[in-house]
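In this text, all values refer to a predicted model and were calculated from it rather than measured experimentally. Sequence positions, counted from 1, serve as the residue numbers for this chain.
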Amino acid sequence: MAKYAGSRTKPVFCFSDVVLFFGGAFMSLILVWSFFSFSSSISPNLNVKTDDSTTCTRGIDMRYDPTDPVYFDDPDLTYTIDKPVKGWDEKRRRWLELHPSFIPGAENRTVMVTGSQSTPCKNPIGDHLLLRFFKNKVDYCRIHGHDIFYSNALLHPKMNSYWAKLPAVKAAMIAHPEAEWIWWVDSDALFTDMDFTPPWHRYRNHNLVVHGWPGVIYDDRSWTALNAGVFLIRNCQWSMELIDTWTGMGPVSSDYAKWGQIQRSIFKDKLFPESDDQTALIYLMYKHRDVYYPKVYLEGEYYFEGYWLEVVPGLANVTERYLEMEREDATLRRRHAEKVSERYGAFREERFLRGERGGKGSKRRPFVTHFTGCQPCSGDHNKMYDGDTCWNWMIKAINFADNQVMRKFGFVHSDLGKTSPLQPVPFDYPDEPW
């Protein structure tokens, strides 16, 4: 572009013109790059077509729901566990195409699902404990941007106890087509590393993630080869079919009693005669290895679900290790908004924990601690445990996790055995003493 230059007859190109030219070129490159990044962020299970006129939105638009027909308008599709859903991948794809603001970030978008019984707890402190367990999950989801759904009612009258999770998970899959993952977490499990995020890239080619070990399934044939109290399940047709098959070994089946006998005939260490969800899943993986094993990731490299008796005794040592990291690097001592907590978790990961496997003796905090066998609501804990040990160690683990949350608000539990009151944190803690 020529610029007027007084009496000169030749046009003069100014520096500002050059800046405008290169600025325009740069923005063009950014737009092209954004398009390809946007396309690549979509789940590998979905090939979503987008309309260029509608994808340039600012964030998720929760008020936009076009009248074009989708599966929600099909009277034959139900949320219930007793009727299969067919063509689910195509149904989700169609919904996302009509709601393009949900596509960016869809690859690992997660909805957490948990729940408890519909009646008050028999254990006098049971309701208090479950409330604190739920608060812990809400805190984790708020910090990491996950939605959470809590169910305290049976969605099928026969699918009770440990089987109640499957109707809730299926209903959540249908209710949340924007979510790629549904994350089930038992009511007696809590997050004890509030900074950690699952290594999503590791699960890209899998549809179910559960804590377990293949050798214990196929060689030892043990009913504890995995724990079904915490799992990630991809929101896809494969998972819908798994839930249908899995449910077929539950109380809705006319062969329910027979399934318990079959399970005990293979997994000799199973303690009780009834068919349960955990042994049923192990059975499917054992008997139909070619169908399920390639799509199930048995996570054993960190405490995706850690046994409380193994975890809780080491919490004091873990606390000191993390404080030592903060003494060594002032970045981790810097006060910051809760909304940017992931930045500091990622910094700690790169600076101190890269390549560090989780598990017993690790420098890492245990990710999830599961109080399996304690039964905080009923109080009918496994006889191998002392009830007071269950309840006291729950409080200790809950406060250990809560310290990581409340630190962002300027307070901590100075004694993990006491819930209240909290103590204000000195400005440069832990470098600055109390």
Side-chain angles (χ1 to χ4, degrees), residues 43 45-46 71-72 74 76-93 95 109-115 147 149-151 153-186 203 206-212 217 226-256 259-260 262-263 274-298 305:
S43 163
N45 283 332
L46 303 176
Y71 69 88
F72 286 111
D74 181 359
D76 293 327
L77 187 142
T78 69
Y79 298 80
T80 59
I81 201 74
D82 50 358
K83 188 172 182 181
V85 173
K86 303 295 184 182
W88 180 239
D89 291 341
E90 178 56 36
K91 288 177 170 63
R92 272 195 70 212
R93 182 184 300 113
W95 189 92
R109 185 175 293 123
T110 302
V111 171
M112 188 175 294
V113 180
T114 186
D147 288 332
F149 169 67
Y150 187 96
S151 175
L154 296 178
L155 302 187
H156 190 287
K158 291 184 177 180
M159 296 289 280
N160 55 14
S161 187
Y162 33 71
W163 287 102
K165 67 186 68 169
L166 296 184
V169 167
K170 180 179 179 180
M173 291 169 67
I174 297 172
H176 286 274
E178 81 287 355
E180 183 65 16
W181 294 99
I182 303 298
W183 195 348
W184 172 265
V185 184
D186 272 2
Y203 312 140
H206 297 83
N207 295 332
L208 180 68
V209 182
V210 63
H211 194 212
I217 295 176
L226 57 80
N227 190 291
V230 180
F231 60 82
L232 281 163
I233 189 165
R234 193 181 293 278
N235 195 357
C236 65
Q237 182 64 38
W238 183 95
S239 300
M240 287 287 188
E241 293 172 4
L242 169 63
I243 290 175
D244 292 339
T245 306
W246 197 352
T247 300
M249 285 183 276
V252 295
S253 171
S254 59
D255 295 324
Y256 180 52
W259 277 118
I262 293 172
Q263 291 169 10
E274 296 86 5
S275 172
D276 67 280
D277 64 315
Q278 180 168 298
T279 313
L281 180 59
I282 298 171
Y283 173 86
L284 289 176
M285 293 188 64
Y286 179 79
K287 296 295 288 186
H288 306 284
R289 183 170 184 168
D290 292 344
V291 175
Y292 295 106
Y293 184 68
K295 288 296 182 180
V296 178
Y297 196 102
L298 294 171
E305 175 275 336

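- A side-chain donor-acceptor contact under 3.5 Å links S275 to the backbone of M249.
- In this structure the side chain of V210 reaches within 4.5 angstrom of the side chain of L298, judged on heavy atoms.
- The structure places CD of E180 at 7.0 Å from SG of C236, a figure rounded to the nearest 0.5 Å.
- Here the closest heavy-atom approach between residue L226 and residue L281 is recorded as CD1-CD2, 4.0 Å.
- Minimum heavy-atom separation, W238 to V296: CH2-CG2, 4.1 Å.
- For K83, the NZ atom counts as densely surrounded, since its 6.0 Å shell holds more than 12 non-hydrogen atoms of other residues, nucleotides or ligands.
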**Request:** Start with the C-alpha gap between V185 and W183, add the side-chain angles, then the distance that decides, and say whether side chain to side chain contact (heavy atoms under 4.5 Å, CB included) holds.
**Result:** CA-CA 6 Å; V185 184; W183 195 348; 3.8 Å; yes
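- Relative ring orientation between Y283 and W259 is described as perpendicular, the plane-to-plane angle rising above 60° on a 0-90° scale split at 30° and 60°.
- With contacts defined as side-chain heavy-atom distances shorter than 4.5 Å, the pair D276/Q263 qualifies.
- Classification of the F72-Y79 ring pair by plane angle, with boundaries at 30° and 60°, yields tilted.
- Interatomic distance, L284 CG to I217 CD1, rounded to the nearest 0.5 Å: 10.5 Å.
- The OH atom of Y162 sits 5.5 Å away from the CD atom of E274 when rounded to the nearest 0.5 Å.
- Closest non-hydrogen pair, A168 versus L155, comes out as CA-CD1, 3.6 Å.
- Neither side chain, D255 nor S253, offers a donor N or O lying under 3.5 Å from an acceptor on the other.
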**Request:** Check step by step if side chain to side chain contact (heavy atoms under 4.5 Å, CB included) holds for H156 and L166.
**Result:** CA-CA 10 Å; H156 190 287; L166 296 184; over 6 Å; no
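- Between the side chain of K91 and the main chain of K86, a donor-acceptor pair closer than 3.5 Å is present.
- The side-chain heavy atoms of K295 and L208, taken from C-beta on, include no pair separated by under 4.5 Å.
- In plain terms, the two heavy atoms of I81 and D244 that are nearest each other are O-OD1, 4.4 Å.
- The two residues R109 and E178 make their nearest non-hydrogen contact at NH1-O, 3.1 Å.
- Within the 3.5 Å criterion, the main-chain N or O of S239 finds no donor-acceptor partner in the side chain of N207.
- For the pairing with Y297, the ring pair (Phe, Tyr, Trp, His ring centres under 6.0 Å) check across F231, Y203, Y292 returns one residue only, Y203.
- The CE atom of M173 lies 4.0 Å from the CE atom of M240; values are rounded to the nearest 0.5 Å.
- The minimum heavy-atom distance between N160 and L154, with the atom names listed, is CA-CD2, 3.8 Å.
- No donor-acceptor pair closer than 3.5 Å links the side chain of W246 to the backbone N or O of A280.
- Considering CZ of R234 and OG1 of T110, their distance stands at 10.0 Å, rounded to 0.5 Å.
- Inter-residue side-chain proximity for Y71 and I174 is flagged as met; some heavy-atom pair is nearer than 4.5 Å.
- How far CH2 of W181 is from CE of M112: 13.5 Å, rounded to the nearest 0.5 Å.
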